[in-house]
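A short worksheet on the structure shown next.
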Amino acid sequence: MKHSTNQQTRRGRGPARRIGRSLAFVLPVVLVLSGTLAVTRVNWSGSTSDPVLTAADTSTSAGTPRAVKRAPQDILRDKLLTELQEENPGVALTHLQQAVNGRPSLAKHCTSIARALGQAAVRVYGPTRAQSYARPVCDTAFATGVAAAHT
């Protein structure tokens, strides 16, 4: 009698044991694959332009290499040069002063940016009109840029 009770107990555990063994095999595989996929989807480049960068993706869809991350002062300079052409040097100088006030780390680049704005103003407006926009932003760097571009 004892023998039949033992067989009945084994049969009762059979399906649960099979499911447990299947999970014990499948679950680690699923976890490893999902972890691998998650790591390949992380933006390791530090670029914020594309929120997802796969591990194998090293270029844009057009086949050109990705742009190198630009420094904040370079981005500001380009933005202000565009403003200078679209608006006037006064607007660009005002925004330069606001940017330096808002981010003091840009103060060390203020002179070079203002000088570049002065040189660009001469190309767009001529030396006399460009000089009329001079103001004491970053000392006299704008006026220095105007003078350097004129001579």
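The first residue in the sequence is number 1, and the count goes up from there.
Atom NZ in Lys79 sits 6.5 Å away from atom NE2 in His95 (nearest 0.5 Å). Taking CZ of Arg129 as the reference point, atom CG of Asn88 lies at 7.5 Å (rounded to 0.5 Å). For the atom pair CG (Leu117) and CD (Glu83), the distance works out to 9.0 Å, reported to the nearest 0.5 Å.
Between Ala120 and Leu81 the shortest heavy-atom distance is CB-CD2, 3.5 Å. In plain terms, the two heavy atoms of Ala130 and Val122 that are nearest each other are CB-N, 3.8 Å. Looking at every heavy atom in both residues, His109 comes nearest to Ser112 through O-OG, 3.0 Å. Between Leu80 and Ala92, the shortest heavy-atom contact is CD2-O, 3.4 Å. The minimum heavy-atom distance linking Ala134 with Phe142 is given by the pair CA-CD2, 3.6 Å.
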Step by step, work out the side chain to side chain contact (heavy atoms under 4.5 Å, CB included) result for Leu96 and Leu76.
CA-CA 8 Å; Leu96 173 60; Leu76 177 62; 4.1 Å; yes

Working note: Gln98 + Asn101, criterion side chain to side chain contact (heavy atoms under 4.5 Å, CB included); need CA distance, chi angles, decisive distance, verdict.
CA-CA 5 Å; Gln98 290 171 346; Asn101 291 343; 5.6 Å; no

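Both Val124 and Ile113 sit in one connected hydrophobic cluster of ILVMFWY residues. Membership requires side-chain heavy atoms under 4.5 Å apart, directly or through other members.
More than 12 non-hydrogen atoms from other residues, nucleotides or ligands lie less than 6.0 angstrom from CZ of Arg70.
Counting heavy atoms from C-beta outward, Gln119 and Val146 have side chains that stay 4.5 Å or more apart. For the pair Asp74/Arg77, a side-chain contact is recorded, criterion being any heavy-atom separation below 4.5 Å from C-beta on.
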